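Only a predicted model underlies this, so the values are computations on that prediction, with no experimental measurement involved. We count ligands from 1, going down the list as the structure has it; atoms in each ligand are counted the same way. The analysis underlying the following values was restricted to heavy atoms, covering all of them including side chains, and did not include hydrogens, waters or symmetry mates.
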Amino acid sequence: AEKKGRVEFRDVTFKYPGAEAPVLSNISFTAEPGKTLAIIGSTGAGKTTLVSLLPRLYDVASGDVLLDGVPVTKMDASEITSRVSAVPQKPYLFSGTIEHNLRFGKPDATDDELWDALETAQAKGFVEEKSSGLNRRIAQGGTNVSGGQRQRLSIARALVTKPNVYLFDDSFSALDVATDARLRKALKAKTRDATVIIVAQRVSTIADADEILVLDNGRIVDRGTHDELLETSPTYQEIVES
Ligand code: M5T
Ligand code: MG
């Protein structure tokens, strides 16, 4: 069967409600199942806004966002949620156990599935280190775990749902470079058939992506692989050197 999870943006323009100027203009790209698409760009470029349009946190002003050829505006919210897992830039953990937090998107997940997701997200050791394990309490907002642990638990939560599309918004930034690399390697092995979209600040996180979009001021200014962009994109070179 054909793999599911093809994401297409067609000439998308977006304005926040009440704002005058668009935050995104003429955004067009395709992200394919089995591939990793990365989005990089300076702060305020519009990366978070861009990835929020697929789960329909907002709707576009013009253009289309399609999932497997169907505009997301024509899909049920529940269908989108079951097929797209987004790890937000500021991941939210709620008051309850680790298990409750992980099962959020898939209440009937087995313990094996939870541990498998934790292993991929490089969070297994952290959960095992206390005898309470999966029953360990998380405080409201995850304030009793570190930023990197919050990120890894949120990544594990996304993995549990086994979606067609993963959106990672700056999800690896609080991890040290070695953990980041291990996590992405494990992720790649576990998400072979899925579409993976990674927003990043750090070039090392996305250097192996199949395609990289360079976003500046709400527009895609350059696109290509890491090696291509090193040759052709002054904006990308600036990010590499920063
Ligand atoms: C892009 C504005 C923001 C900026 C532009 C989330 C949000 C953003 N904005 C709003 O007006 N309202 C909002 O709710 O949109 O912002 P972004 O998409 O958050 O940019 P980014 O993700 O590339 O930045 P960063 O800092 O995460 O790298 O003008 O004020
Ligand atoms: Mg952002």
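Here the heavy atom of the protein found nearest to atom 5 (C) of ligand 1 is Val23 CG1, 3.5 Å. Looking at atom 19 (O) of ligand 1, its nearest protein heavy atom turns out to be Thr48 CB, 3.7 Å. Closest protein heavy atom to atom 26 (O) of ligand 1: Thr43 OG1, 2.5 Å. Among protein heavy atoms, the minimum distance from atom 20 (O) of ligand 1 is reached at Gly46 N, 3.3 Å. For atom 28 (O) of ligand 1, the nearest protein heavy atom (residue, atom name, distance) is Lys47 NZ, 2.7 Å. Scanning the protein for heavy atoms near atom 27 (O) of ligand 1, the closest one is Gln89 NE2, 2.8 Å.
Taking a cutoff of 4.0 Å between a charged side-chain nitrogen and a carboxylate oxygen, Lys3 and Asp193 qualify as a salt bridge. For the pair Asp216 and Arg219, the salt-bridge criterion is not met [side-chain N within less than 4.0 Å of a carboxylate O]. Asp208 and Arg184 are joined by a salt bridge, as a carboxylate oxygen and a charged side-chain nitrogen come within less than 4.0 angstrom of each other. Checked for salt-bridge contact, Lys190 and Asp116 meet the test: a charged N lies under 4.0 Å from a carboxylate O.
Counting atoms of ligand 1 from 1 in the listed order, those under 4.0 Å from a heavy atom of Gln201 are 28 (O).
Taking any N or O of Gly44, backbone or side chain, at least one lies under 3.5 Å from an N or O belonging to ligand 1.
For Ala19, no heavy-atom contact with ligand 1 is shorter than 4.0 Å.
Taking the ring centre of Phe126 as origin, the terminal cationic atom of Arg136 falls inside the region bounded by 6.0 Å and 45° from the ring axis.
Two different hydrophobic clusters hold Phe168 and Leu50 under the rule that ILVMFWY side chains link at heavy-atom gaps under 4.5 Å. Tyr236 and Ile39 fall into different hydrophobic clusters, where Ile, Leu, Val, Met, Phe, Trp and Tyr are joined by side-chain heavy atoms under 4.5 Å apart, directly or via other members.
Judged by distance alone, the side chains of Asp169 and Thr48 do bring a donor and an acceptor atom under 3.5 Å apart. Side-chain contact of Thr49 with Tyr58: a donor-acceptor pair under 3.5 Å is absent, judged by distance alone.
Closest to atom 12 (N) of ligand 1 by heavy atom, among Tyr16, Phe14, Tyr58, is Tyr16. Evaluated by nearest non-hydrogen atom to atom 17 (P) of ligand 1, the leading choice among Thr49, Ile39, Asn217 is Thr49.
Distances from ligand 1 to the non-hydrogen atoms of Gly218 include no value under 4.0 Å.
Using a 4.0 Å threshold on non-hydrogen atoms, atom 22 (O) of ligand 1 counts as touching the protein.
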